[in-house]
Each structure stands twice: as C-alpha cells, then as structure tokens.
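Letters A, B, ... mirror the listed sequences (proteins, then strands); counts begin at 1. As a basis for the values below, the full set of heavy atoms in this structure was taken, side chains included, without hydrogen atoms, waters or symmetry mates.
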Protein chains: 2
Amino acid sequence: MTIFLDDHLSIDWTTVRVDDQKLILTRKEFELLAMLSQNEGETMPRTVLLETVWGYRSGTRTRTLDVHIRRLRRKLGQFGEDYIQTIFGVGYRFVRLRPARPLQLSSPAAFAIGA
Amino acid sequence: MTIFLDDHLSIDWTTVRVDDQKLILTRKEFELLAMLSQNEGETMPRTVLLETVWGYRSGTRTRTLDVHIRRLRRKLGQFGEDYIQTIFGVGYRFVRLRPARPLQLSSPAAFAIGA
DNA sequence: TCCAGGTTGTAAAAATCTTGTAAAAGCCGT
DNA sequence: ACGGCTTTTACAAGATTTTTACAACCTGGA
C-alpha cells in the first residue's frame, strides 16, 4: 500500500519518503499520519483522532496524541510544523506543501538556462 | 521452478543458492521464503504470512513464524538479516541486496583499464 | 493591556507490547 | 521406535506507547 501525499512525500507501510529521504515510522505514527493525510486540508478534531486511531471515547484524559504529533513532526524534518498544523482548541490539520504531481521540465531548453 | 532473487541468490524448489553455495531448506522454510521473495520489496504482515503459509486465522497466538524466520536468516548466512527485514509491529520484508542480473563487462576494453 | 484558565509542547520515566532465541515437546512418516 | 521437522514454551532483549510533570502558549474578559 502506497499513499502519495505530494511530490515530496509518500508512504509505504511504515516507510515514508520525504524529499528522497526515507524514514521509518512506528505503527501508531503511521496510523496517525495516514489518518491526517487521507483527510488532507481538513481539520481533524482531537476527539476524532483519539477515537479512530486509539479507540478512546471522548473524555479520556491523555497526552499521547500530542506526543505522537511531536514525534511525527520531528521525523518529517524541517517542514514538520508546516505539514501538520495545530488548530488551537480543535485538533490538527495536514496540508500539502507542494503540488500533488511534480512539474515536468522535459524541454531541453530548461537545461540550457544559464549555460 | 527457479526464482532469481538477485545475482547472489536463487531458489530452485527446496534448494537455495547463495553466492555459489547451495543450501537445503525444509518445506516450511521454503514456503515462507517463497512467499516473502515473491513479494520482494513489500512488507508482508504477520497475519498474511500466518494465513497463507500456515492457514492460521488471525488471533492465533504462536511463535512459529518467528522461529522459521530465524532459521531462514541463519541459513542465508551473513546477510540473512539484510535479506529479511523486520517491520516492527507489522511483519517482514524481503529485499534484494544487489541487482537482479549481474553487470555485463563484456568489452575487452573494460579489462584493459589500468593495464 | 494583563491576567486567569484552559490548551498544547516537551523530555524523560514507566508501562506495555513485540520480537529474538534456545531448548523442550510434539508430530509424522518410515 | 527413530529421526527429522515443526511447534510450543519460557524468558531475554528490544522497541514502542503511554503517562507524568512541568513549561510554554493562546484566548477572552476585566
């Protein structure tokens, strides 16, 4: 199973590719990132994430979501905070930073620039 | 039936060749290696391996998969752990360590370098 | 603006879960 | 019954997940 997020990010099971760099996620990190990225652009309330990824009913007092978000952001590197935004008082939102498909620079002229 | 994994590994029924050395697998070891190598590069979940190779329904508590993985790795020798990777919390993945076909250096010029 | 109260970020410890391994036990065909 | 293969057992070793405790942050109302 491969999920393509944008031309700089794809996921194959727990192996994620970011800008030609591979990184390994744990299972929960993967499930959380999958849930967020499959709803790209939408704000996912904490209650929903805790319900779907953890099976927690609302009212459960826990910090585990925050901790996982932190580890995901760190693994995503420099742009971690940009990929996963905090919506204060509600939840989190995953956004694409670049177009879903790479720009095609097929013309030889592209390589001639500056030559 | 012969399966070529890479230029250092091939399988012919229960006989496996690794770096010009032949080794004998038992039936279960063969079935497991076949299942993994036929899905080279993909993560095979434990549940899938237990279902296809053993016919176990998910929920069965057993360590037999781990034991077989261990014996396979040991028989594959030095690079056993590289050929069969553990995807923690999910399953295992077989990967090629070298190109599927050896590089052809047929030109005499290739041997002339440095001569 | 500033404060209070709730919310999120974070590091590190604790708890839980998964996998590795050796050795014993079980099974099956001869 | 014997020998080889497979499975279970019982821990050891390792990795992940959750909790804890506190710092930092945001927001609305005085």
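Screening A:Val53, A:Leu72, A:Ile69 against A:Leu33 for a side-chain contact (heavy atoms from CB on, under 4.5 Å) leaves a single residue, A:Leu72. When each of A:Glu81, A:Arg73, A:Arg93 is paired with A:Thr86, the side chain to side chain donor-acceptor pair (under 3.5 Å) condition holds for A:Arg73 and for no other.
Positionally, the nearest nucleotide of DNA chain C for A:Tyr92 lies more toward the 5' end than for the other of B:Tyr92 and A:Tyr92.
Looking only at side-chain heavy atoms (C-beta outward), B:Asp66 and B:Tyr92 come within less than 4.5 Å of each other. No side-chain heavy atom of A:Leu49 sits less than 4.5 Å from a side-chain heavy atom of A:Arg46. Side chains of B:Leu25 and B:Leu32 form no contact here, defined as non-hydrogen atoms less than 4.5 Å apart.
Across the protein-nucleic acid pair, B:Glu31 atom CD and D:dT6 atom P stand 9 Å apart, rounded to whole Å. Counting to the nearest Å, the C1' atom of D:dT6 and the CZ atom of B:Phe30 are 18 Å from each other. Straight-line distance from the CG atom of A:Asp66 to the P atom of D:dC25: 16 Å, rounded to whole Å. Atom P of nucleotide C:dT21 and atom CG of B:Leu72 are separated by 13 Å, given to the nearest angstrom. If you measure from atom CD1 of B:Ile69 to atom P of C:dT19, you get 11 Å, rounded to the nearest angstrom. Straight-line distance from the CG atom of B:Leu32 to the C1' atom of D:dC5: 15 Å, rounded to whole Å. At whole-Å resolution of the value, NZ in B:Lys75 and P in D:dG4 are 13 Å apart. Put simply, CD1 on A:Ile84 is 15 Å from P on C:dT8, counting in whole angstrom units.
Here A:Val90 lies in heavy-atom contact (under 4.0 Å) with sugar-phosphate atoms only.
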In B/S/- notation (B base, S sugar-phosphate only, - none; protein heavy atoms under 4.0 Å), nucleotides 12-23 of chain D written 5' to 3' is ---SSBBBBB--
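In DNA chain D, runs of at least 3 consecutive Watson-Crick or G-U pairs, each pair with both distances below 3.5 Å, span C:1-30 with D:1-30.
At a threshold of 4.0 Å, the pair B:Glu51-B:Arg57 counts as salt-bridged, since one of the basic side-chain nitrogens sits closer than that to a carboxylate oxygen.
Remark: side-chain polar atoms of A:Thr52 are paired, donor with acceptor, to backbone N or O of A:Val48 under 3.5 angstrom.
Contact annotation: A:Arg74 does not reach the phosphate of C:dT10 (side-chain N/O to OP1 or OP2, under 4.0 Å).
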For B:Leu50 and B:Thr62, what are the C-alpha separation, side-chain angles and deciding distance, and is it a side-chain contact (heavy atoms from CB on, under 4.5 Å)? CA-CA 9 Å; B:Leu50 284 168; B:Thr62 180; 4.0 Å; yes
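When the side chains of ILVMFWY residues are joined at heavy-atom separations under 4.5 Å, either directly or via intervening members, B:Tyr83 and B:Leu23 end up in a single hydrophobic cluster.
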